[in-house]
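Numbered from 1 within each chain, the chains take letters A, B, ... in sequence-line order. Both backbone and side-chain heavy atoms feed into the values below; hydrogens, waters and symmetry mates do not.
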2 protein chains.
Amino acid sequence: MARTLDTVFSALADPTRRTILSMLLEDDMAVTDVAEPFEMSLAAISKHLGVLTTAGLITQEKHGRVKWCKLDPDAMRDASIWMQGFGQFEAVNLDAFEAFLETQFSDDV
Amino acid sequence: MARTLDTVFSALADPTRRTILSMLLEDDMAVTDVAEPFEMSLAAISKHLGVLTTAGLITQEKHGRVKWCKLDPDAMRDASIWMQGFGQFEAVNLDAFEAFLETQFSDDV
DNA sequence: GGAAACGTCAACCATTTGGTTGAATATCAA
DNA sequence: TTGATATTCAACCAAATGGTTGACGTTTCC
């Protein structure tokens with residue numbers, strides 16, 4: 001999928017989609033169940049899930065007639081890493097920063 | 001300013017605005033200088049800077065006829081913290097990160 | 001087979017977004 | 001005062017976004 005910062009940040013810009021992501025933090029869900037708490041059509045939620053999928057923030061897998069939605073953390077992590085470069089205003093040693101990230105991520109590859 | 005996750009993430013969704021932020025990481029800049037490398041009108045850049053200001057990602061301060069633009073990291077950090085809520089996946093540890101920054105800044109103040 | 005459940009598609013609509021241009025405002029400098 | 005520089009404003013435009021509804025294809029179950 002087009003896991004760019006553009007698609008990730010614009011996916012995260014919508015409150016409905018952020019709520020969906022936090023719901024999926026608890027557990028994987030079917031599309032209909034994701035839609036249930038929202039006061040909007042199933043089609044609208046389906047579109048939101050499409051946006052999240054394109055951004056790489058979730059994956060969808062169809063089993064029978066049910067499509068399961070599942071968080072996919074990689075895209076969010078990429079965006080988060082980009083942001084961490086800014087959290088601190090000045091003069092961060094970028095090489096050291098990347099080395100730091102290495103140590104942080106070294107155990108999950 | 002309306003420093004909500006909505007405004008912050010949608011501000012970050014545009015590549016021009018992200019580039020502007022990384023330019024400001026190096027140094028504070030006047031509006032005209034921010035606009036210089038882009039192939040778009042000054043008015044367009046002025047709008048982008050307005051979006052960044054509304055999101056709380058930068059501040060603008062007028063001195064004479066020049067308006068200086070300066071990174072304001074707080075809003076980005078709020079968004080970053082929201083993302084860390086998905087931290088079961090995210091190996092970056094904020095405490096460790098801050099400790100890292102300590103080491104970065106301890107010798108140049 | 002037929003009905004219900006699951007989900008998407010297509011067409012449509014209103015609003016927002018990202019850009020343009022030209023005029024306007026404010027400040028500096030000669 | 002006159003003119004140049006710095007920035008925004010206002011009107012406009014095309015495209016994208018977020019929602020609707022109704023029809024449609026699948027899968028499940030009796």
Please tabulate, one pair per line, each protein N/O and nucleotide N/O from nucleotides 14-16 of chain D that are separated by under 3.5 Å, including the distance.
none

Exercise for the section: Report the residues that fulfil side chain to side chain contact (heavy atoms under 4.5 Å, CB included) with A:A44, sequence neighbours left out, ordered by chain and then residue number. Expected result: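 Residues passing side chain to side chain contact (heavy atoms under 4.5 Å, CB included) with A:A44: A:M40, A:S41.
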
If you take all heavy atoms of [X] and [Y], which pair is closest and at what distance?
{"X": "B:M29", "Y": "B:V34", "result": "CB-CG2, 3.7 Å"}
{"X": "B:W82", "Y": "B:L5", "result": "CD1-CD1, 3.4 Å"}
{"X": "B:I58", "Y": "B:C69", "result": "CD1-CB, 4.4 Å"}
{"X": "A:A75", "Y": "A:G56", "result": "CB-O, 3.5 Å"}

Interatomic distance, [X] [atom1] vs [N] [atom2] [rounded to whole Å]:
{"X": "B:K67", "N": "C:dT25", "atom1": "NZ", "atom2": "P", "result": "16 Å"}
{"X": "B:W68", "N": "D:dT7", "atom1": "CH2", "atom2": "C1'", "result": "14 Å"}
{"X": "B:Q60", "N": "D:dA6", "atom1": "CD", "atom2": "P", "result": "16 Å"}
{"X": "B:F38", "N": "C:dG18", "atom1": "CZ", "atom2": "C1'", "result": "14 Å"}

Practice task
For residues B:T4 and B:F9, determine if any side-chain heavy atom of one lies less than 4.5 Å from a side-chain heavy atom of the other.
Solution key: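 Answer no - side chains too far apart.
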
Practice task
Would you check if B:L25 and B:L71 make a side-chain contact, meaning some heavy-atom pair closer than 4.5 Å?
Solution key: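 Yes, their side chains come closer than 4.5 Å.
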
Exercise for the section: Give the C-alpha distance, both sets of side-chain angles, the deciding distance and a yes or no for side chain to side chain contact (heavy atoms under 4.5 Å, CB included) between B:V31 and B:L49. Expected result: CA-CA 8 Å; B:V31 174; B:L49 291 170; 3.8 Å; yes

Problem - Same apolar cluster: A:V51 and B:V8, side chain cutoff 4.5 Å - result: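 In one cluster with A:V51: B:V8, no.
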
Problem - Strand contacts (DNA chain D) in residues 39-49 of chain A, 4.0 angstrom heavy-atom criterion - result: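 Correct list: A:M40, A:S41, A:A43, A:A44, A:K47, A:H48.
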
By side chain to side chain donor-acceptor pair (under 3.5 Å), which residues pair with [X], not counting sequence neighbours?
{"X": "B:E61", "answer": "B:H63"}
{"X": "A:D33", "answer": "none"}
{"X": "A:Q60", "answer": "A:T53"}

Handout entry: Reading 5' to 3' through nucleotides 24-30 of chain D, protein heavy-atom contacts under 4.0 Å coded B for base, S for sugar-phosphate only, - for none
Key = ---BS--

Problem - Axis deviation across the helix from C:dG1-D:dC30 to C:dA30-D:dT1, five-pair ends, to the nearest 10° - result: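 Axis-to-axis angle, ends of the helix: 20°.
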
Exercise for the section: Report the C-alpha separation of B:I45 and B:T16 in whole Å, then their side-chain angles, then the decisive distance to 0.1 Å, and conclude whether the side chain to side chain contact (heavy atoms under 4.5 Å, CB included) test is met. Expected result: CA-CA 9 Å; B:I45 296 294; B:T16 300; 4.2 Å; yes

Exercise for the section: Can you measure from NE2 (B:H48) to OG1 (B:T19) and round to the nearest 0.5 angstrom? Expected result: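 It comes to 10.0 Å.
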
Exercise for the section: Say whether, by atom type as modelled, one donor and one acceptor occur between the side chain of A:S80 and the main chain of A:M76 under 3.5 angstrom. Expected result: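 Here the side-chain-to-backbone pair does not exist.
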
Handout entry: Residue-level proximity of residues 13-20 of chain A to DNA chain C when a heavy atom falls under 4.0 Å
Key =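 None - not one residue of the stretch has a heavy atom sitting under 4.0 Å from the strand.
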
Practice task
Please list residues of residues 27-34 of chain B whose heavy atoms come under 4.0 Å from any atom in DNA chain C, ordered by number; otherwise none.
Solution key: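 The answer is none.
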
Practice task
Show which residues join B:W68 in its hydrophobic cluster (side-chain heavy-atom contacts under 4.5 Å, direct or indirect), or state none.
Solution key: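 Direct or chained contacts put B:W68 with B:V66.
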
Handout entry: Pairs involving residues 7-18 of chain B, ordered by first then second residue, that meet salt bridge (charged side-chain N to carboxylate O under 4.0 Å, His left out) (sequence neighbours left out)
Key =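 Residue pairs with at least one partner in residues 7-18 of chain B: A:D6-B:R18.
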
Practice task
Among B:T7, B:L24, B:L21, find the one that has a side-chain contact (heavy atoms from CB on, under 4.5 Å) with B:L52.
Solution key: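 Going through the options one by one, the only one that passes is B:L21.
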
